[in-house]
Amino acid sequence: MYEGAIQDLIDELGRLPGIGPKSAQRLAFHVLAADPTDVRRLAQTLLRVKDVVKFCSICFNVAEDDKCRICRDARRSDEVLCVVEEPKDVVAIERTNEFRGRYHVLGGAINPLEGVGPDNLRIRELMTRLSQGDVKELILATDPNTEGEATATYLALLVKPMGITVSRLASGLPVGGDLEYADEITLGRAFEGRRTI
Ligand SMILES: [Zn+2]
């Protein structure tokens with residue numbers, strides 16, 4: 001529709017999740033009108049995130065070191081482990097201030113239609129962590145949708161024979177929704193009201 005660089009930018013922005021053609025166009029013209037210093041900072045931040053950000057070698061949360069901030073924190077309990085799909089879910093749960101244990105980030109949820117099976121997630125690494133014997137309770141905080149439920153059920157079957165208490169976040173979370181969009185109060189209540197499965 002447009003020519004050259006502006007259309008390239010619209011196309012690139014349009015490839016981002018949740019950005020439709022209209023939004024891509026609006027963002028592209030925002031960039032065009034913006035201060036060159038701001039645009040340069042955005043471009044450098046985009047490049048830096050790929051260079052600097054790694055995944056924590058223990059929990060697979062995003063980290064700038066070998067271990068993330070949460071895994072490095074000696075004040076947190078090793079006895080409770082919360083399993084989430086993505087790093088953004090760690091942030092959502094941390095905002096509630098309800099949880100002082102550790103996390104394990106799976107990197108997604110079981111989704112046969114998209115070709116995502118247990119081997120594509122960090123389930124083997126989770127089992128290795130659990131076999132070390134510190135964890136007494138495993139909280140399954142996968143999203144309250146079909147894929148998240150399937151993943152929680154799969155993990156519960158795998159982990160229960162190890163004698164670890166397995167719990168799932170309580171209802172109150174919108175079914176079919178995304179954990180990251182739940183407000184702090186709803187998510188906090190769901191945490192307190194988690195039930196053993
Ligand atoms: Zn970590």
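Counting starts at 1 for both ligands and their atoms, in listed order. Numbering of residues begins at 1 and proceeds along the displayed sequence.
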Student: Near the Zn ion (ligand 1), which protein N/O/S atoms are found at less than 2.8 Å?
Tutor: Cys56 SG, Cys59 SG, Cys68 SG, Cys71 SG

Student: Only counting residues at least two apart or in another chain, list the ones meeting ring pair (Phe, Tyr, Trp, His ring centres under 6.0 Å) with Phe55.
Tutor: none

Student: Name all residues meeting the side-chain hydrogen bond (donor to acceptor under 3.5 Å, both in side chains) criterion together with Asn97; count only those two or more places apart in sequence or in a different chain, and write none if there are none.
Tutor: none

Student: Any idea which heavy atoms bring Ile10 and Ala24 closest together, and the distance?
Tutor: O-CB, 3.5 Å

Student: Any carboxylate oxygen within less than 4.0 angstrom of a Lys/Arg side-chain nitrogen, looking at Asp51 and Arg48?
Tutor: no

Student: Using a 3.5 Å cut-off and no angle test, enumerate the donor-acceptor pairs between side-chain atoms of residues 71-79 and protein atoms at least two apart in sequence or in another chain.
Tutor:
residue, atom, partner, partner atom, Å
Arg72, NH1, Lys67, O, 2.8
Asp73, OD1, Arg75, N, 2.9
Asp73, OD1, Arg75, NE, 3.2
Asp73, OD2, Arg75, NH2, 3.4
Arg76, NE, Gly101, O, 2.7
Arg76, NH1, Glu94, OE1, 3.1
Arg76, NH2, Glu94, OE2, 2.9
Arg76, NH2, Phe99, O, 3.2
Arg76, NH2, Gly101, O, 3.1
Ser77, OG, Glu79, N, 2.9
Asp78, OD1, Arg102, NE, 2.8
Asp78, OD1, Arg102, NH2, 3.3

Student: Write down the atom of Ile110, the atom of Pro118, and the distance for their closest heavy-atom approach.
Tutor: CD1-CG, 4.0 Å

